[in-house]
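Only one structure is covered here, and it is reproduced in the block below.
Atoms within a ligand are numbered from 1 in the order they appear, just like the ligands themselves. Bear in mind that the values here come from a model prediction, so they are computed numbers and not experimental data.
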Amino acid sequence: MEAFAYAAPRTVAEAVQLLADAPGSARPLAGGTDLIPQLQEGRRTVGLVVDIKGIPQLNEIHWEPQTGLTIGAAVPCVRVARSPLVQTHYPALHTASTMIGSIMIQHRASLGGNLANAAPSADGVPPLIIHGAEAIIAGPAGTRRIPVEQVPTGPGQTSLAPGEFLVALHLPVPPPHTASHYMRFTPRNEMDIAVVGVGAAVTLDPVTGSCLGVRIALGAVAPTPVRAASAEAYLTGKPLTDQHLRRAAELAVEAARPISDVRASAEYRRHLVQVLTRRTLEAVRSRLTG
Ligand SMILES: Cc1cc2nc3c(=O)[nH]c(=O)nc-3n(C[C@H](O)[C@H](O)[C@H](O)COP(=O)(O)OP(=O)(O)OC[C@H]3O[C@@H](n4cnc5c(N)ncnc54)[C@H](O)[C@@H]3O)c2cc1C
């Protein structure tokens, strides 16, 4: 590994200053489960590593009943998974947080790092997207908020400007009668990255039983996680019958632009999108009706 300088700021303002003073050559470090291997293998070089774990704001989980849940960007996945608020209101995110690596990895890995690393297969990102999460970003020009789906722009690339970093992720309160689920396919049960991941959140009209809101996000089938817009539009206004779930799963494939690689062919990934979308929606239906 090449030598680099290291700084451990205690405030967001200090971190912004450090990152802005070395644009291009400085990188934030949260859990380091992506960054350290990348540095060791020479896939990235940095002049300065800015360790953001010591900033209190980045380590908080905060619930406001009116507005929702704010998860600090450096909170390790194990705390996200164990949060009763996440388990109750954002079950897809709970599930994904228990899937990232192993329990040892989850004690280090953060959702902020998962998002900023911008792997198309990142398990935390489809659940954040279907829960309507926003990224809270600090930088030299102040603080801004954008939908999570606008953060990754391609494999390993984000829309964060030089000097900017993620402070937190904000998830709005889900509407009543909403349930969600996340599912992925990996050849091994753990310590493997998703060949395909699917997250879905559905809000039901309790009177008619039809879908008031549907969000479906796919991972590992395009340069960034993507929404399955045709499937969402098809299901909206319809009840969650087997026939409608099957049709929505077929339509979800339209959003996938997979590649063939050593892990799976594009054709197999398209097949998996259909199977996993149907199973994820079935799991959501069970939560809503069970
Ligand atoms: C053995 C192993 C298994 C894994 N399994 C999975 C898996 O199953 N699913 C999965 O999705 N991932 C997996 N990963 C990848 C990794 O653990 C996750 O992506 C993790 O969430 C990264 O978080 P981190 O805090 O460790 O990020 P870091 O390594 O600290 O950072 C990752 C990248 O994001 C940047 N960054 C970090 N925090 C911020 C911030 N707040 N603002 C802006 N940029 C930031 C860093 O500069 C770096 O480029 C695995 C990794 C390992 C080593």
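Note: Tyr268 and Phe185 have perpendicular aromatic rings, judged against thresholds of 30 and 60 degrees for the angle between ring planes.
Judged by the shortest distance from any of its heavy atoms, Arg184 lies inside the 4.0 Å radius around the atoms of ligand 1. Ligand 1 has at least one atom lying under 4.0 Å from a heavy atom of Pro28.
In terms of polar-atom proximity, defined here as any N/O pair under 3.5 Å, Gln38 makes no such contact with ligand 1. Between Leu160 and ligand 1, a contact under 3.5 Å exists for no N or O pair. Checking only distances, Leu35 does come within under 3.5 Å of ligand 1, N or O to N or O. For a threshold of 3.5 Å applied to N or O pairs, the pair formed by Ile36 and ligand 1 contains no separation below that value. In terms of polar-atom proximity, Thr33 is counted as a contact of ligand 1, with an N or O under 3.5 Å from an N or O of the ligand. Checked by distance only, ligand 1 and Leu166 come closer than 3.5 Å through their nitrogen or oxygen atoms. The shortest N/O to N/O separation between Ile100 and ligand 1 does not fall below 3.5 Å. Note: an N/O pair closer than 3.5 Å links Ala30 and ligand 1 by distance alone.
For Gln150 and Ser159, the side-chain atoms include no donor-acceptor pair closer than 3.5 Å. Counted by atom type alone, His131 and Ser180 present one or more donor-acceptor pairs between their side chains at under 3.5 Å. A donor atom on one side chain and an acceptor atom on the other are found under 3.5 Å apart for Gln38 and Arg44. Between Thr178 and Thr203, the side chains place a donor N or O and an acceptor N or O closer than 3.5 Å (distance only, hydrogens not considered).
Salt bridge Arg227/Glu149: present, at least one basic N to carboxylate O contact under 4.0 Å. A salt bridge does not link Arg27 with Asp34: every distance from a Lys NZ or Arg NE/NH1/NH2 to an Asp or Glu carboxylate oxygen is 4.0 Å or more.
In summary, the atoms of ligand 1 found under 4.0 Å from a heavy atom of Ala122, numbered by their order in the structure, are 11 (O). Atoms of ligand 1 lying under 4.0 Å from at least one heavy atom of Gly31, given by number and element, are 24 (P), 25 (O), 26 (O), 30 (O). Residue-ligand proximity, Ala116 to ligand 1, at heavy-atom distances under 4.0 Å covers atoms 34 (O), 35 (C), 36 (N), 43 (C), 44 (N), 45 (C).
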Let's go through Thr70 and His62 carefully: what are the C-alpha distance in whole Å and the side-chain angles of both, what is the deciding distance for side-chain hydrogen bond (donor to acceptor under 3.5 Å, both in side chains) to 0.1 Å, and is it a yes or a no? CA-CA 5 Å; Thr70 305; His62 181 68; over 6 Å; no

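At least one side-chain heavy atom of Tyr182 sits under 4.5 Å from a side-chain heavy atom of Asp123.
Between Tyr234 and His244, the distance separating the two ring centers is shorter than 6.0 angstrom.
With a 4.0 Å cut-off on non-hydrogen atoms, Met99 touches ligand 1 through its backbone and not its side chain.
In this comparison of Gly113, Ala26, Gly72, the heavy atom closest to atom 37 (C) of ligand 1 sits on Gly113.
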